Amino acid sequence: MPNTVSPPFVPYRIRVAVPAHVYDCFDYQISAEDYEQAKVGARVAVPFGSRNLIGVVMQKLTPDTPENPKFKLKPIQALLDDDAILDNKVLTLLTWAAQYYQFPIGEVMQSALPTLLRQGKPYDLLAHMWRLLDQHAEDKIKRSEKQQLAYKILKLHPAGTSENILNLAGIETATLKALEKKGICEAYLEQKDFSPQALSLAQMPLTANPDQKHAIQQVLKSLSSYHAYLLDGLTGSGKTEVYLQIMYEVLKQGKQVLVLVPEIGLTPQTISRFQSRFHCHIALLHSGLTDAKRLQAWQSAQMGKASIILGTRSAIYTPLHNLGLIILDEEHDLSFKQQEGFRYHARDVALYRAHLENCPIILGSATPSMESYALADQGKLTRLELNERAGTALLPKLHILDLKVGRKQHGFSQFLLDEMHRRLARKEQVLIFLNRRGYAPVLICESCAWQAKCPHCDANFTLHTQPYQHLHCHHCGTIHRMPDHCPQCHHTELKPIGMGTAKVEESLKELFPEFEVIRVDRDSTSRVGSWQKIYDRIQKSEPIILLGTQMLAKGHHFPYVSLVAILDIDSGLLSVDFRAPERTAQLIVQVAGRAGRGEKKGDVYLQTLRPEHPLLHTLVDGDYRQFARQTLKERQQALFPPYRYAALIRCESKSQEQNQQYLTEHAQQLRQISELNIDIWGPIPAPMERKAGRYQAHMVLFSQDRARLHYYLRAWWQNMLQHKPASMKLSLDIDPQELS
Ligand code: ADP
Ligand code: ZN
Ligand code: ZN
């Protein structure tokens, strides 16, 4: 008998992105039947080490794909979806982002999924419904109040109602099941309705002014292919109207529009402007939603029910049925950059997505980032300018107030106080900006100069007076009781130095007892809806003093504010970060832009101890664009981003020597392999060297050649991760936005 050689056994395999801190995908064994069934982009439950994880199918491997000998092939546990829940374009986008930011693919995939899907909950396109069968069942349920209530509510919904809604009304599923047993009601499944709503205009568009018209026409020329625009429009120049009119044309074609904004909680009026313009389904995607609501919004975007998808940075990964336009409003805002874990920049991801989807993208801002201006200079973004305030409003005028001269009260120049009085007497509103929460940033002993410092960080405690006196470290969250004497010399006079919003609020109440002072910061608006309430009050013509932090700087429309004062501009002028001037200029222009948006002309006062600072003069005598031109020139000369590409390595451990030694050693390796194509800065201690009891060090890599930088980084970074001491934490920040 001839010898027959049976072919080697080749199991069916799929490649899965698992949510673990590993850089590769893993292969799993799968039955022939499941192999047929499995879809790329669907979820799958797999064993991983001693755990079970929910991963995403990235690839169905053909039998000739070589096996990875590193791993023993394990079988999957279950396929969780009949269909792909992440489409091909989103998978390509996520794979690209994982590569570009050099972050584990499985964890990147997770950022695209709503929590419930991440946890492996059913996708469930069917709704669990209940309806009444017996209309005269009162006698059968006399003994149970719960059943009576459920019965009553079911009776109100003859067409049936969803179990979720019944549960929300306090009716337990067990009660419904008890009624079902008695034949009073029944459960059934109903297809959820994901059909798009017909589009109509709820409100007539405004008559666009010439700049707006030009911008709209430019974008409309290229609706069916990739084109990136920078809408560079002064504060109050009507950027939203431009968005709305372009969106209408896209929506009319039956396509979806994805709108990204910095923080939804702070922009209720943006939402309401979309809602009042269009009759169509709008899905909101942000972190403030319950898991169930987020899943629902995500599904309506994915299935095409939602025509407008409005979200914060992670919404850029939402699978969309038929994307026709991306808008990224306030594109300069730092919140588009994720600052921990998977450190992506939603602006860059959005540009890549628009390219993949072959649709236009608009980045809008009154204070564009230097990155975007540089892209415009290279012809990669088409710049569209809006040079006038829309309607009849005029641009506010900036003034510098030298704090070194003249009388002062509670840190306010007398001139400013007089101006404030004048405005308030005319029933106008005043906005005071100070980017520091709490009561005072320093607590000092009057006798020996001891300062209250966080024991775990290189930072002072901030004194808070609400809801009670305490010391709070804004860097690690440590809270201490307020000492009643100096721990060093036992002196009992401890003095707060400097001012936070809580202290300024106290001073303003004393200086302006007849007017209302409203403080807006994270401490005062932490309750849900409180910002909305404040916002509604500001929209009325009443003399009010508004006092707040960053939150007040973001795109709001305050028609009655005619005076804006910025109290602590100096901290931004003194910072060493090369981006500090850009951030400071953006902040000044954005805060200033809240003034004079109604009929009243606005004035903006900058209190400073450094009135001669060139940045202030550029803004006062010129404008943001002039500032930007100058800044770009300086960056080009100094070879800073956007003229070189950067990557920041953050290293954290129990000892600074250990950090320095490890980074130095690896810096040398990189110098050798990269043949001088990469400029290495550091390692140096981080600006705040000790944080939460651990030491921080930084190393920055610069290169003019992005591809090379990323190429050399790849293997080097993996090697560095593999050999680090267990207690050391390392992270890589590609295109870092903050050197802290
Ligand atoms: P931006 O977003 O550029 O700061 P907004 O879009 O908030 O500006 O517009 C500022 C104000 O101008 C809004 O009240 C808006 O309704 C109004 N506005 C915009 N475009 C026009 C226009 N073409 N005619 C009249 N008013 C306009
Ligand atoms: Zn003392
Ligand atoms: Zn601390």
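In each ligand, atom 1 is the first atom listed, and ligand 1 is the first ligand listed. Model, not experiment: these values are computed from the prediction. Just so you know, residue 1 is the first one in the sequence shown, and it goes up from there. Only this structure's heavy atoms are used, side chains among them; waters, hydrogens and symmetry mates stay out.
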Let me check your reading of the structure: within less than 2.8 Å of the Zn ion (ligand 3), is there an N/O/S atom from [X]?
{"X": "His474", "result": "no"}
{"X": "Cys476", "result": "yes"}
{"X": "Cys473", "result": "yes"}

For [X] and [Y], test the side chains for any donor-to-acceptor distance below 3.5 angstrom and give the result as yes or no.
{"X": "Thr367", "Y": "Gln590", "value": "yes"}
{"X": "Glu331", "Y": "Ser372", "value": "yes"}
{"X": "Glu241", "Y": "Gln245", "value": "yes"}
{"X": "Gln626", "Y": "Asp623", "value": "no"}

*Just distances here: any N/O of Leu206 and N/O of ligand 1 closer than 3.5 Å?*
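N/O-N/O distance below 3.5 Å does not exist for this pair.
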
_Gly238 versus ligand 1: do any nitrogen or oxygen atoms come within less than 3.5 Å of each other?_
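For ligand 1, there is an N or O atom that lies under 3.5 Å from one belonging to Gly238.
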
Using a 4.0 Å cutoff against the non-hydrogen atoms of [X], which atoms of ligand 1 qualify?
{"X": "Ala390", "result": "12 (O), 18 (N), 19 (C), 20 (N), 21 (C), 27 (C)"}
{"X": "Thr207", "result": "22 (C), 23 (N), 24 (N)"}
{"X": "Leu234", "result": "3 (O)"}

*asked:* Tell me whether ligand 1 is touched by Ser237 - counting only heavy atoms on the residue side and a distance under 4.0 Å.
replied: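 So Ser237 counts as touching ligand 1.
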
Within reach of ligand 1, part of [X] (heavy-atom separation under 4.0 Å):
{"X": "Leu386", "value": "neither"}
{"X": "Thr240", "value": "both"}
{"X": "Arg273", "value": "side chain"}
{"X": "Gln212", "value": "side chain"}

*Kindly confirm whether the Zn ion (ligand 2) is within less than 2.8 Å of some N/O/S atom in His491?*
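Under 2.8 Å: His491 has no N, O or S contact with the Zn ion (ligand 2).
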
*asked:* Any N/O/S atom from Cys445 (main chain or side chain) under 2.8 Å of the Zn ion (ligand 2)?
replied: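 So Cys445 counts as coordinating the Zn ion (ligand 2), yes.
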
*Electrostatic pair Asp348-Lys337, nearest N-O below 4.0 angstrom*: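 No.
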
*Does Leu443 reach the side chain of Lys495, with side-chain heavy atoms less than 4.5 Å apart?*
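Leu443 vs Lys495: side chains apart.
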
_Under 6.0 Å between ring centres: does that hold for His399 and Tyr605?_
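Here the rings of Tyr605 and His399 have centres that are less than 6.0 Å from each other.
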
*asked:* Nearest 10°: the angle subtended at the Zn ion (ligand 2) by Cys448 SG and Cys489 SG?
replied: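 Roughly 110°, rounded to 10°.
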
Please state whether the rings of [X] and [Y] are parallel, tilted or perpendicular, taking 30° and 60° as the class boundaries.
{"X": "Tyr248", "Y": "Phe278", "result": "parallel"}
{"X": "His474", "Y": "His472", "result": "perpendicular"}
{"X": "Phe461", "Y": "His480", "result": "tilted"}

